[in-house]
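Scroll down for the structure; my scribbles are underneath it.
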Amino acid sequence: MNLQDFFAQHPSGALAFSGGTDSSLLAWAAMQYGRDWHAYYVNSAFQPSFELADAQKIAEQCRIPLTVIEGDILADDTVVANPENRCYYCKRVVFGMILRQAATDGYKLVVDGTNASDDASDRPGMRALQEMEVLSPLRECGLTKSDVRAISREAGLFTWNKPSYACLATRIPSGTAITAEALKTVEAGENVLFSMGFQDFRIRLRGDAALLQIPASQFSCAVEKRQQLLERLSTLFSTVSLDLRTR
């Protein structure tokens, strides 16, 4: 099966949309090969503001209708407690919002952007999707991340080379309660790194300290900009460290 086959068999439905590489390709394919598709983006404290901006930009390019759902993810006590399988409970909450809104709008089918490279054994959130009967067209079509990027590039989508970006909650160690303040601090810190030209990095919280994880190719840049990094990040974190284990 390819994407054209999938959308021929499923001409209408709802797309759980993140603005990332995978769901952006699905938005394009749905409008190319489907008939009546609608994208839904859940805007919560776990998503940085640039993700919503990218989602809106891609939706406009693909001409797919987009509904932004304002979701208070921190209202769920289990998610806030941040257990090791937090992603399972988070997916239940987020996709519950999408499923309810999609049903209200007349859509029975919901799909997401899980691809064939995603390891189901290492992703508790995928179990939640299976339980909620969310389909994953990219995975069903055997499309890996590299396939998705190649097709996206051919389609002219700016997200074809967008780095993968896990939600902000992943920056907080399991077992440490998630707070709005911590999420905002991490986002502010990562915005600093973006503004300085760094890519595909993470800031991991360790108490009120920051552990910077960056690709090996950017280590020399981090050393060169050491003083600037300290000056700009020290307003947010008590300590700033560079993880020698590269991303």
Side-chain angles (χ1 to χ4, degrees), residues 13-24 26 38-52 54-55 66-105 107-140 145 164-187 189-190 202-208 211 213:
L15 166 61
F17 195 44
S18 69
T21 304
D22 299 322
S23 63
S24 292
L26 281 184
H38 195 113
Y40 295 86
Y41 180 97
V42 175
N43 190 35
S44 78
F46 284 6
Q47 278 67 47
S49 58
F50 75 82
E51 291 281 40
L52 175 56
D54 284 356
L66 172 65
T67 293
V68 177
I69 302 170
E70 296 297 332
D72 184 6
I73 192 69
L74 297 180
D76 187 279
D77 292 340
T78 304
V79 172
V80 168
N82 198 19
E84 288 189 4
N85 61 342
R86 181 207 67 252
C87 191
Y88 170 81
Y89 297 101
C90 184
K91 290 288 187 186
R92 295 286 307 186
V93 173
V94 169
F95 276 80
M97 297 177 190
I98 294 173
L99 285 163
R100 287 190 292 274
Q101 186 59 56
T104 298
D105 295 340
Y107 298 104
K108 296 180 179 180
L109 173 65
V110 174
V111 303
D112 88 310
T114 302
N115 65 59
S117 297
D118 293 327
D119 183 2
S121 65
D122 191 40
R123 292 175 179 258
M126 290 175 64
R127 178 165 65 91
L129 300 183
Q130 293 170 355
E131 292 174 356
M132 303 176 86
E133 300 183 341
V134 174
L135 299 187
S136 301
L138 299 176
R139 191 173 182 83
E140 291 189 22
K145 192 70 172 189
S164 298
Y165 192 89
C167 81
L168 292 171
T170 62
R171 314 302 196 267
I172 301 173
S174 296
T176 300
I178 299 172
T179 66
E181 181 182 3
L183 296 171
K184 290 177 181 177
T185 301
V186 170
E187 182 177 3
E190 295 197 344
R202 300 287 187 270
I203 291 181
R204 306 291 184 185
L205 272 187
R206 298 294 183 265
D208 57 2
L211 181 65
Q213 295 180 334

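Note that the structure is predicted; figures quoted are calculated from it, not measured.
Nearest heavy-atom pair across P48 and E187 is CA-OE2, 3.3 Å. I172 and A177 make their closest contact through CG2-O, 4.3 Å (heavy atoms, listed as atom of the first residue, atom of the second, distance). Across G189 and I203, no two heavy atoms sit closer than the pair C-CD1, 3.4 Å. Minimum heavy-atom separation, G125 to K91: CA-CG, 3.5 Å. When all heavy atoms of A102 and A14 are compared, the closest pair comes out as CB-CB, 3.7 Å. Considering every non-hydrogen atom in both N43 and V68, the closest pair reads CB-CG1, 3.9 Å.
The aromatic rings of H38 and Y107 lie tilted to each other, with the angle between the two planes from 30° to 60°.
With hydrogens and angles disregarded, a donor-acceptor distance shorter than 3.5 Å links the side chain of Y41 to the backbone of L52. Judged purely by atom type and a 3.5 angstrom limit, R171 uses its side chain to pair as donor or acceptor with the backbone of A166. For T170 (side chain) and C167 (main-chain N/O), a donor-acceptor pair under 3.5 Å exists by modelled atom type.
Considering L15, L129, L138 in turn, L15 is the only one that fulfils the side chain to side chain contact (heavy atoms under 4.5 Å, CB included) rule with V111.
Summarising the geometry, atom CG belonging to L26 is positioned 11.5 Å from atom OG1 belonging to T21; distances are rounded to the nearest 0.5 Å. Summarising the geometry, atom CG belonging to D118 is positioned 6.5 Å from atom CG belonging to D22; distances are rounded to the nearest 0.5 Å. Put simply, CD1 on I178 and CD1 on I73 are 8.5 Å apart, with the number rounded to the nearest 0.5 Å. Here the CD-CE distance, from E70 to M97, works out to 10.0 Å after rounding to the nearest 0.5 Å. Taking OG1 of T176 as the start and CG of L205 as the end, the distance is 9.0 Å to the nearest 0.5 Å. Note that OG of S44 and CD1 of I69 are 11.0 Å apart. Values are rounded to the nearest 0.5 Å.
Heavy-atom neighbours of D77 CG from other residues, nucleotides or ligands within 6.0 Å: at or below the threshold of 12. The environment of CD in E133 is sparse: at most 12 heavy-atom neighbours from other residues, nucleotides or ligands sit within 6.0 Å.
In the model, D105 has a side-chain atom that pairs as donor or acceptor with a side-chain atom of Q101 under 3.5 Å.
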- Residue pair E51, F46: steps toward the side chain to side chain contact (heavy atoms under 4.5 Å, CB included) verdict: CA-CA 10 Å; E51 291 281 40; F46 284 6; over 6 Å; no

- Task: Report the C-alpha distance between E131 and R92 in whole Å, list the side-chain angles of each, state the deciding distance to 0.1 Å, and finish with yes or no for side chain to side chain contact (heavy atoms under 4.5 Å, CB included).
- Result: CA-CA 9 Å; E131 292 174 356; R92 295 286 307 186; 3.2 Å; yes

- So N115 and K145, side chain to side chain contact (heavy atoms under 4.5 Å, CB included) or not? Walk me through it. CA-CA 6 Å; N115 65 59; K145 192 70 172 189; 3.5 Å; yes

- Task: Report the C-alpha distance between L168 and E190 in whole Å, list the side-chain angles of each, state the deciding distance to 0.1 Å, and finish with yes or no for side chain to side chain contact (heavy atoms under 4.5 Å, CB included).
- Result: CA-CA 10 Å; L168 292 171; E190 295 197 344; 4.2 Å; yes

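Remark: E84 engages S174 in a side chain to side chain contact (heavy atoms under 4.5 Å, CB included) (not counting sequence neighbours). Residues passing the side chain to side chain donor-acceptor pair (under 3.5 Å) test with N85, sequence neighbours excluded: none.
Both the sub-6.0 Å distance and the 45° axial angle are not jointly satisfied by R127 relative to the ring of F95.
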